[in-house]
Amino acid sequence: MKRLLAIWCLLALTAFPCPAAQAQQQLPTLGVCIYNYEDTFITSLLEVIRREAEQVATLITYDGHNNQNLQNDQVEELLKSGVDALIVNPVDRTAAIYLIQMAMRYQKPIVFINREPLREDLALYHLAYYVGIDPKEQGLLSGKLAAHYFRTHPKADRNGDGVMQLVLLKGEPGHQDAELRTQYAMKALQQEGLRTEKLDEAAALWERSLGQEKMASFLNTSGERIECVISNNDDMALGAIDALKAAGYFSGDKYMPVIGIDATAPAREALAQGSLYATVFNDALGQGNAAVALAILLARGEAVVPETFPYDIQDKVVYIQSTSMISDRVP
Ligand code: BGC
């Protein structure tokens, strides 16, 4: 009798696996392709994706080492291996079309993050989406922060000419965030009624060391004439602060308003110390959560509707809102 019972139990277990084992088997596999693991903001975004996916998906992640050809191969390999959906941070946003076509061939969903594909490319495939931020909104916010500093600190107009002399550190040319943040920061200053003179602008490719290099060269050329530094991201802003510190700023009463974007951990420290005047919060948590939720819904073949995905979607693009942060240690 005992033996019969044991056999029955074994049969029952094979026929009806326990719920935990079943759930484990059904976890979708997500392939995550990152343009470059060395990027500070992207590192925090990837951390969120990993954390968010922990209980709900199996992740395979790849570093594209800033090389689009390598990333194309990685995406193809993931599709061949049978992943259920892809989350891709493309190296070159204009190459997204190839990745979309590849995903289409395998009929797998593809959710882009951080580097926005062209709208016409996204429109080619019903399972292609983008999750990011609105760079125009962030640009406007950074310009408004610069204007706010000038309004609240009359001495900021050092030469008293009624014009804000500024320098601008730009991210990677062609990246929508670099182009539109730059354009809309200048637009906001104009909208705020401030007269500006851009003394210099340089692409520092999102990197702190290049931000430092470019700022050192701005200081060489324009020195004391510079009244404000606007940067497309925090890493470059922190690089500018490194160069400014080397030139004697942020000690005694020598100050320079520097404005970044992202609110990364090191930037928050600089805000707390008062060397970074302000930044625009680029919500990695919001973007990571939305990207994973969307990829999983699509992987399961479920409908993307407000009940299943409570985010605003326009033309298959999800923008997570941004906000401003100002240091409370401004002299
Ligand atoms: C971030 C930058 C980052 C870039 C990478 C931007 O949205 O603000 O810090 O380097 O994305 O693509």
Side-chain angles (χ1 to χ4, degrees), residues 32-49 62-68 71 87-96 99 111-118 130-143 145 168-185 202-212 214 229-241 258-271 276 278-288 290-291 317-325:
V32 180
C33 294
I34 295 298
Y35 97 94
N36 181 7
Y37 278 10
E38 278 170 28
D39 184 299
T40 314
F41 171 73
I42 295 297
T43 305
S44 63
L45 185 53
L46 180 58
E47 251 173 51
V48 174
I49 292 174
Y62 277 131
D63 180 358
H65 295 285
N66 219 355
N67 177 337
Q68 189 59 59
Q71 188 175 63
I87 295 181
V88 181
N89 169 210
V91 176
D92 170 1
R93 71 193 194 100
T94 61
L99 307 179
V111 176
F112 291 95
I113 52 170
N114 175 256
R115 293 169 171 223
E116 186 174 337
L118 304 179
Y130 175 69
V131 174
I133 47 77
D134 179 357
K136 295 181 184 168
E137 179 193 27
Q138 292 191 337
L140 288 174
L141 288 173
S142 79
L145 286 165
L168 202 141
L169 286 169
K170 194 171 166 183
E172 193 182 328
H175 190 307
Q176 81 285 342
D177 288 348
E179 302 300 339
L180 294 169
R181 285 173 185 171
T182 302
Q183 201 179 319
Y184 280 77
L205 314 180
W206 307 121
E207 288 175 23
R208 183 169 182 154
S209 57
L210 283 175
Q212 175 176 18
K214 302 292 176 190
V229 180
I230 298 181
S231 169
N232 282 170
N233 84 341
D234 284 342
D235 269 7
M236 299 185 296
L238 293 175
I241 290 172
V258 179
I259 295 143
I261 293 183
D262 281 339
T264 56
R268 283 168 194 250
E269 260 171 52
L271 273 184
L276 183 65
T279 189
V280 175
F281 177 43
N282 190 5
D283 185 358
L285 184 63
Q287 291 169 64
V317 168
V318 179
Y319 280 153
I320 304 296
Q321 219 189 338
S322 307
T323 46
S324 306
M325 294 168 78

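These figures come from a predicted structure and were not determined experimentally. Whatever order the structure lists them in is the order used to number ligands and atoms, beginning at 1. Every heavy atom of this structure was used, including side-chain atoms; hydrogens, water molecules and symmetry mates were not.
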Undergrad: Of the non-hydrogen atoms in L205 and P173, which two are nearest, and what is the gap between them?
TA: CD2-CD, 3.7 Å
Undergrad: What part of N282, side chain, backbone, both or neither, has a heavy atom within less than 4.0 angstrom of ligand 1?
TA: side chain
Undergrad: Do you know which of D262, T323, D234 makes side-chain hydrogen bond (donor to acceptor under 3.5 Å, both in side chains) with N282?
TA: D262
Undergrad: Out of all atoms in ligand 1, which are within 4.0 Å of some heavy atom of Y35? Include the element for each.
TA: 5 (C), 12 (O)
Undergrad: What is the closest protein heavy atom to atom 7 (O) of ligand 1, and at what distance does it sit?
TA: D177 OD2, 2.6 Å
Undergrad: Would you mind listing which atoms of ligand 1 come within a distance below 4.0 Å of any non-hydrogen atom of F41?
TA: 1 (C), 9 (O)
Undergrad: Is the closest side-chain heavy-atom distance between R115 and H175 below 4.5 Å?
TA: yes
Undergrad: Does the S231 side chain pair with the main chain of I261, one donor and one acceptor, at a distance under 3.5 Å?
TA: no
Undergrad: Work out whether the distance between some heavy atom of D262 and some atom of ligand 1 is less than 4.0 Å.
TA: yes
Undergrad: Can a non-hydrogen atom of M236 be found less than 4.0 Å from any atom of ligand 1?
TA: no
Undergrad: Should one rank L45, I42, I113, N114 by closest heavy-atom distance to atom 12 (O) of ligand 1, which comes out on top?
TA: N114
Undergrad: Please lay out, stage by stage, how T264 and S44 fare under the test side-chain contact (heavy atoms from CB on, under 4.5 Å).
TA: CA-CA 8 Å; T264 56; S44 63; 5.6 Å; no
Undergrad: Check whether the side chains of Q68 and Q71 place a donor and an acceptor atom closer than 3.5 Å, and report yes or no.
TA: yes
Undergrad: For ligand 1, which is the ligand I care about here, please tell me if R181 has any N or O atom under 3.5 Å from one of the ligand's N or O atoms.
TA: yes
Undergrad: If you take all heavy atoms of L145 and S324, which pair is closest and at what distance?
TA: CD2-CB, 3.8 Å
Undergrad: Which ligand 1 atoms are under 4.0 Å away from a heavy-atom of D39?
TA: 3 (C), 4 (C), 5 (C), 10 (O)
Undergrad: Which is it for E172 and ligand 1 at heavy atoms under 4.0 Å: side chain, backbone, both or neither?
TA: neither
